[in-house]
Student: 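First, the structure itself, so that you have it in front of you.
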Amino acid sequence: MKEERQSQIPEVFLSPYDPAKHEKRIYQLWEESGFFNPDNLPGERSEPFTIVMPPPNANGSLHAGHGLVFAIEDTMMRFERMRGKKALWLPGADHAGFETQVVYEKKLQKEGRSRFQMEPKDLYNEIMDFTMSNKSIMENQIRELGASCDWSRSLFTLDDSVIKIVYDTFKKLEEDGLLYRGARTVNWCPKHQTSLSNLEVNYNEKTDPFYYFQYGPFVIGTARPETKFGDKYVVMHPDDARYEDFQHGQKIDLEWINGPIVATVIKDQAGDPEMGSGVMTITPWHSNIDFEIAKRHDLDYEQIIDWRGKLLPIAGEFDGMNIEEARQKIVDKLDKKGLLVKIDDKYDHSVPCCYKCDKEIEPQIREQWFVKMRPLADKAIEAVDSGNVKFVTNRDERVFRDWMSKIDDWNISRQVVWGIPIPAKVCSECGHGMVDLESKITKCEKCSGKVEKDPDTFDTWFSSGQWPLATTHYPDGDDFKQHYPTSVMETGKDIIFFWVSRMIMLGLYRTGRVPFKKVYLHGMVRDKHGKKMSKSKGNVIAPSEIQERFGTDALRMGLLVNTAPGSDMNLDPDKVNAYKKFANKIWNITRFVLENTSDMPEQATLTADDAENIKAKLKTTIAEITKDMEKDRFDLASEKLYHFVWSYFASELLEESKPLLQSGDASVRISRQKLLREYLITSIKLLHPFMPFVTETIWQELPDDMKDHAVLMVAQWPK
RNA sequence: GAGCGAUUAGCUCAGCUGGUAGAGCGCUACAUUGACAUUGUAGAGGUCACAAGUUCAAGUCUUGUAUCGCUCACCA
């Protein structure tokens, strides 16, 4: 009897579900079906559903965080595709400017080379080769995660069409008076030899000595004696009674590090009477606050520290010395001169550091391109106010508004070769910058001086900020007409400022419309104890490793179940293993149902009891799951499905069916067969967005009369 | 300095609009040629951080306290 039944089911079900045996084949089936491309989808589909994929950096392998990105986005896509929408997921790869260059520099360092000994062109070409080979590895990993994106529309952030849009935006910003080139304080990394945006700077807690020096009649305090050579202005608050005898502009002769100097008294609101003695000297070239004061009073400023972190000739005998090395020597010298008042050893402060190398940032004045953010940010806030962009969590919306309300101008130029060149000329005489898309400008518009091509490249986020325009081919592309604004922007909450906010601002700026209607931000993926994954801690889990052990579906479920939107998730292999078992459970349910329903007649009717069961249990489950998914609660939907399938379908329904399937009453038996098939087909469909591989593998083995389409990916979502 | 979040079973976390607590792993006992050992059944284990308040009713709402974490800003 048993052998007889087994002979009627596909042989594949006789052994446990083995993901490695099916996943590749199934992805190929999808890709060859053409259904990743919305133009090929079956049936009439008018309503678009579009996601622009956050293009992964093409400089390495996918990490666990990417696993979460693709699990969430693919689930969204598959759900909406099955619901009959014109589903388009736009893939891409990011050249990731500075990020990639840093990765490549490390590689060069291992080989005993340095970018500073290379021709920029050679360096660029090497990084291009490196990126291209990583890109194809990465794209295969995206396929392995089951991503149902339209590869025929794939784009790279350095493609010509992308650069064209970026250049047009740059030009338009100039025309609209939103772009300027100016000498301003920038965050300079002495190691990487580039400026960084404020977002690329981390503040590290440090305890340093704090020095008090006699500066003429004043005592000044500083943690950075090495910057003090050029200090010839002494600043105090206008209302500070202790210094009311000193007049603004008053000259004072005093002895300083390298001999006598003339200091000038400046009264400015920035002087904080509470701080130390209430008096400070300023170093405008190496401090933003000091620079602001200098600008207010039209003071001189001079560079003290060079681009490599060494002292300049103004330092006299300290010329050419590293600042770390010079500090103590300068203090010693001032001490010998009797100018050292005291040293406070426990001064806690936070110092700005490069987010990549952790080396201290040296603020420097440098000519850079800046975008005026206020007008762009105001439009973005309006878009949120009017509900044109919605954040899935209120928390994200608050964070967004807060940052937007106090945004600074954006330094978009980088001294990095790996990126989109800035199409501009710079006057070698007056420093004036001119946007020059066609390279036609030969002399300065302002002073008729000689011009040179700007050697810098764009901040990678300036181009990424226009990614929704690029991927939909603004302004004439069909995808732009049909799919912009896109439906959801799903990405990590760590790049809300870097990327999400800039896309909203630049999208609004170019098109007058938001680039996406909804923002879903996921949290970070950590190790099973909630610790950040890092190579140094050795707790990094590669998605591929988990996929090999448990299968892709299990990884996806492990990432999604009970991970509330926006909250961090801890990836525990034991949890993933639970869903590996679950995949096998579905597999065996299918086996049971097929074994017991192969003789079901075509004309099967449900008994009243079974009809009632479907109405009360199956239909309500469909409704609940659908509702959760519509609210982007994939964490709840997946958990409910797990319990519905395992605790109810397998443990209860299947068990209670066993005697009924043996019933002498044919109508009872046949009804039960029909009910089980109904449950199976519905479960497989509901699970498909979450566990696409095992469900499609099963689907392909099911008899045709159970299916509404040959490919589950485009079958109809249950109602 | 400012903002945000968290605090629920041994561990890691859910609990969405308030109705006497759930999952995975772990633990204990029992079962076994059953669709499934990638198993089944049963079970132990929680004054839901603390305090006060609103309410017929609070893990869920309000306020405060403590601890942890994250983000932003910044100092001479």
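Naming: A, B, ... by sequence-line order, numbering from 1 per chain.
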Student: Respond yes when some side-chain nitrogen or oxygen of Lys575(A) is under 4.0 Å from OP1 or OP2 of C11(B), and no when none is.
Tutor: no
Student: Ignoring the backbone of Asn562(A), work out which of G24(B), C13(B), C36(B) is nearest its side chain.
Tutor: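 For the Asn562(A) side chain, the nearest candidate turns out to be C13(B).
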Student: Rounded to the Å, how far apart are Phe218(A) CZ and A76(B) P?
Tutor: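 Distance check: Phe218(A) CZ to A76(B) P gives 19 Å.
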Student: Could you check whether Asp553(A) pairs with Lys580(A) (Lys NZ or Arg NE/NH1/NH2 to Asp/Glu carboxylate O, under 4.0 Å)?
Tutor: no
Student: May I ask you to evaluate whether Lys581(A) reaches the phosphate of U39(B), defined as a side-chain N or O under 4.0 Å from OP1 or OP2?
Tutor: yes
Student: Under 4.0 Å between a side-chain N or O of Tyr203(A) and OP1 or OP2 of C74(B)?
Tutor: yes
Student: Any idea which of G5(B), U41(B), A14(B) is nearest the Arg395(A) side chain?
Tutor: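 The answer is G5(B), which lies nearest to the side chain.
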Student: Of the nucleotides A35(B), C36(B), A73(B), which has the atom closest to the Asn198(A) side chain?
Tutor: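 Output: A73(B).
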Student: To the closest 0.5 Å, what do you measure between CZ (Arg556(A)) and OH (Tyr579(A))?
Tutor: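 It comes to 14.5 Å.
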Student: Taking the six-membered ring for Trp, are Phe370(A) and Trp410(A) closer than 6.0 Å centroid to centroid?
Tutor: no
Student: Per the side chain to side chain contact (heavy atoms under 4.5 Å, CB included) rule, which among Asp568(A), Asn570(A), Leu571(A), Thr563(A) passes with Val525(A)?
Tutor: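 Only one of Asp568(A), Asn570(A), Leu571(A), Thr563(A) forms a side chain to side chain contact (heavy atoms under 4.5 Å, CB included) with Val525(A), namely Leu571(A).
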Student: Counting side-chain heavy atoms from C-beta on, which of A76(B), C16(B), C74(B) comes nearest to Met280(A)?
Tutor: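 Closest of the options to the side chain of Met280(A): A76(B).
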Student: Looking at Arg633(A), does any N or O in its side chain come under 4.0 Å of the phosphate oxygens OP1/OP2 on A14(B)?
Tutor: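 So the side-chain polar atoms of Arg633(A) never come under 4.0 Å of the phosphate oxygens OP1 or OP2 of A14(B).
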Student: OP1, OP2 of G40(B) versus side-chain N and O of Lys658(A): anything below 4.0 Å?
Tutor: no
Student: Name the closest nucleotide to the Ala578(A) side chain, picking from A35(B), C25(B), C70(B).
Tutor: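 Ranking A35(B), C25(B), C70(B) by closest atom to the Ala578(A) side chain puts C25(B) first.
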Student: Mind checking the P distance from C16(B) to U8(B)? Whole angstroms is fine.
Tutor: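 Approximately 16 Å lies between the P atom of C16(B) and that of U8(B).
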Student: Counting side-chain heavy atoms from CB outward, which of A14(B), A35(B), A76(B) is closest to Ala650(A)?
Tutor: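 Nearest nucleotide to the side chain: A35(B).
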Student: So if I take every side-chain heavy atom of Phe497(A) and compare against C74(B), C16(B), C72(B), which nucleotide ends up nearest?
Tutor: C72(B)
Student: Heavy atoms from C-beta onward define the side chain here; which of U38(B), C74(B), A23(B) lies closest to that of Lys580(A)?
Tutor: U38(B)
Student: Quantified in whole Å, what is the C1' atom distance between nucleotide A49(B) and nucleotide G59(B)?
Tutor: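 Result for the C1' pair: 12 Å, nearest Å.
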Student: Taking the side chain of Leu636(A) as heavy atoms from C-beta outward, which of G5(B), A14(B), C72(B) is closest to it?
Tutor: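 Within the option list, the nearest is A14(B).
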Student: Does a side-chain N or O of Trp646(A) approach OP1 or OP2 of G24(B) to a distance below 4.0 Å, or not?
Tutor: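 Checking G24(B) against Trp646(A), no side-chain N or O comes under 4.0 Å of OP1 or OP2.
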Student: Any side-chain N or O of Ser651(A) under 4.0 Å from OP1/OP2 of U39(B)?
Tutor: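 For U39(B), neither OP1 nor OP2 has a side-chain N or O of Ser651(A) closer than 4.0 Å.
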Student: Given that both distances must come in under 3.5 Å, which nucleotide forms a Watson-Crick or G-U wobble pair with A14(B)?
Tutor: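 Partner of A14(B): none found under 3.5 Å.
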Student: Checking contacts here: which listed nucleotide (G15(B), U12(B), A23(B)) is nearest the side-chain heavy atoms of Asn570(A)?
Tutor: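 Nearest to the side-chain atoms of Asn570(A), counting from C-beta on, is U12(B).
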Student: Do Asn204(A) and Glu360(A) have a side chain donor and acceptor closer than 3.5 Å?
Tutor: no
Student: Could you measure between the two P atoms, the one in A6(B) and the one in U63(B), and give it in whole Å?
Tutor: 14 Å
